[in-house]
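Below is one structure, written out as structure tokens, with a few remarks after it.
In what follows, residues are counted from 1 in the order of the sequence shown.
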Amino acid sequence: MEWQLRKEIVAIGKEIHAQGLVAASDGNLSIRVGHDRVLITPSGMSIGRLKPQDILLIDFAGRCLSGIHKVSSEYRLHLCAYELRPDIKAIVHAHPPTANGFTFAGIPLDACVIPEVVATLGNIPTSEYATPSTEDGVQALSKLIKDHDAVLLQRHGSVTVGKTLLDAHHKLEKLEHSAKVLLTARTLGQVQKLSKEEIQKLGQLREKLGLGKAEDVQKACQ
């Protein structure tokens with residue numbers, strides 16, 4: 001079972017790298033194993049070139065239980081999300097260039113514009129700026145990850161979570177696709193937001209799909 005999860009991390013890491021959603025040794029992936037164990041990618045290695053044996057097994061104190069490489073410096077981001085959200089089984093931290101660019105420009109990506117994004121992800125908030133790989137970054141994420149499956153980190157990429165690693169990867173793809181659509185819309189003219197009535201319907205759809213509460217979408221899109 002654990003070996004299969006390692007192979008899954010390797011396969012999805014290669015896909016994320018090939019999609020240009022990370023560069024060089026950026027980004028990290030993890031899968032929760034049982035109650036208090038996490039498989040996570042190592043520090044300083046490209047997630048597009050990993051082998052199953054490169055993946056580390058750590059506990060919730062950040063101690064390495066299996067593996068020869070250094071634990072990712074962002075492991076605390078992952079543990080924070082797992083501790084706050086027992087429903088989370090996998091996490092992707094990436095640096096999607098278009099979505100990340102919005103944070104450098106100081107433009108939020110939480111506009112309720114794209115119907116399928118509102119229905120599946122709700123809104124996509126941006127955290128306060130914090131120096132990467134620090135406790136400040138963990139605190140910034142903790143304020144948002146409790147209520148969102150996709151979060152932009154100010155000047156530091158994104159965190160997406162899911163019931164599986166593929167689920168978290170799909171949310172990353174949707175986040176970056178949303179950024180590209182909004183960038184195109186802003187280039188062509190003024191972005192047109194969804195009406196209150198349509199947001200209400202999308203919120204109801206989100207709740208029907210078991211992805212969140214309808215009122216949460218309405219509050220986020222006010």
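Connection of Leu183 to Val191 is established within a shared hydrophobic cluster, with ILVMFWY side chains joined at heavy-atom distances below 4.5 Å, either directly or through further cluster members. At a threshold of 4.5 Å between side-chain heavy atoms, the hydrophobic network of Ile, Leu, Val, Met, Phe, Trp and Tyr places Met45 and Leu56 in two separate groups. Hydrophobic cluster membership is shared by Leu29 and Leu65, with clusters built from Ile, Leu, Val, Met, Phe, Trp and Tyr side chains linked at under 4.5 angstrom. Transitive grouping of hydrophobic side chains (ILVMFWY, heavy atoms separated by less than 4.5 Å) brings Val33 and Val10 into a common cluster. Using a 4.5 Å cut-off between side-chain heavy atoms of Ile, Leu, Val, Met, Phe, Trp and Tyr, with links allowed through other members, Leu152 and Val138 fall into different hydrophobic clusters.
What you find for Ala99 and Leu175 is that their closest heavy atoms are CB-CD2, 3.2 Å. Nearest heavy atom pair, residue Thr160 against residue Ala150, reads CG2-CB, 3.9 Å. Closest non-hydrogen pair, Ala179 versus Leu109, comes out as CA-CD1, 3.8 Å. Pairing each heavy atom of Ser30 with each of His78, the nearest pair is OG-ND1, 2.7 Å. Closest approach of Gly157 to Pro96, counting heavy atoms only: CA-CD, 4.3 Å. Taking each heavy atom of Leu205 and Ala119 in turn, the nearest pair found is CD2-CB, 4.0 Å.
A salt bridge links Arg6 with Glu2: the closest approach of a Lys/Arg side-chain nitrogen to an acidic carboxylate oxygen falls below 4.0 angstrom.
Judged by distance alone, the side chain of Arg206 and the main-chain N or O of Thr120 form a donor-acceptor pair under 3.5 Å. In this structure, Asp149 contributes its side chain and Val161 its backbone to no donor-acceptor pair below 3.5 Å. Under a 3.5 Å cut-off, the side chain of Arg76 and the backbone N or O of Gly62 do not form any donor-acceptor pair.
Atom CG of Asn28 is separated from atom CD1 of Ile16 by 10.0 Å, given to the nearest 0.5 angstrom. Atoms OG1 and CD, on Thr134 and Glu74 in that order, are 8.5 Å from each other to the nearest 0.5 Å. Taking NE2 of His156 as the start and NE2 of His95 as the end, the distance is 4.5 Å to the nearest 0.5 Å. To the nearest 0.5 Å, the span separating CD on Glu173 from CD on Glu15 amounts to 6.0 Å. Rounding to the nearest 0.5 Å places CD of Gln154 at 4.5 Å from OG1 of Thr103. Here the CG atom belonging to Leu144 is positioned 9.0 Å from the CG atom belonging to Leu153, to the nearest 0.5 angstrom.
Remark: the Gln19 side chain and the His169 side chain contain an N/O donor-acceptor pair separated by less than 3.5 Å. Glu8 and Gln4 form no side-chain donor-acceptor contact under 3.5 Å, judged by distance and modelled atom types alone.
Each of Thr41, Asp54, Ile47 was compared with Ile9 under the side chain to side chain contact (heavy atoms under 4.5 Å, CB included) criterion, and only Thr41 meets it.
Partners of Lys180 under the side chain to side chain contact (heavy atoms under 4.5 Å, CB included) rule, at least two apart in sequence or in another chain, are Thr98, Glu176. Taking Ala81 as the reference, Ile88, Ile91, Ile145 meet the side chain to side chain contact (heavy atoms under 4.5 Å, CB included) condition, with sequence neighbours excluded.
Proximity of His148 to Ile124: side-chain heavy atoms (C-beta onward) are nowhere separated by under 4.5 Å. At least one side-chain heavy atom of Phe102 sits less than 4.5 Å from a side-chain heavy atom of Leu182. The shortest distance between side-chain heavy atoms of Asp136 and Thr131 does not fall below 4.5 Å. Glu198 is not listed as a side-chain neighbour of Val118, based on a closest heavy-atom distance of 4.5 Å or more. Counting only heavy atoms from C-beta outward, the side chains of Lys193 and Cys112 never approach each other to under 4.5 Å. Within the 4.5 Å cutoff, side-chain heavy atoms of Pro42 are placed close to those of Leu50. Leu166 places a side-chain heavy atom less than 4.5 Å from the side chain of Ile12.
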Test side chain to side chain contact (heavy atoms under 4.5 Å, CB included) applied to Val117 and Lys174, step by step: CA-CA 7 Å; Val117 174; Lys174 192 173 289 291; 4.0 Å; yes
Derivation of the side chain to side chain donor-acceptor pair (under 3.5 Å) call for Glu116 and His177: CA-CA 11 Å; Glu116 59 269 26; His177 180 71; 5.4 Å; no
Side chain to side chain contact (heavy atoms under 4.5 Å, CB included) between Glu128 and Gln139, worked out: CA-CA 9 Å; Glu128 302 169 355; Gln139 293 301 316; over 6 Å; no
Intermediate values then yes/no, side chain to side chain contact (heavy atoms under 4.5 Å, CB included), His93 and Ser158: CA-CA 6 Å; His93 168 46; Ser158 64; 5.6 Å; no
Side chain to side chain contact (heavy atoms under 4.5 Å, CB included) between Asp59 and Arg37, intermediate numbers included: CA-CA 5 Å; Asp59 62 18; Arg37 298 288 187 272; 3.8 Å; yes
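Counting only residues at least two apart or in different chains, ring pair (Phe, Tyr, Trp, His ring centres under 6.0 Å) contacts with residues 22-73 are absent.
Lys89 NZ: more than 12 foreign heavy atoms inside a 6.0 Å radius.
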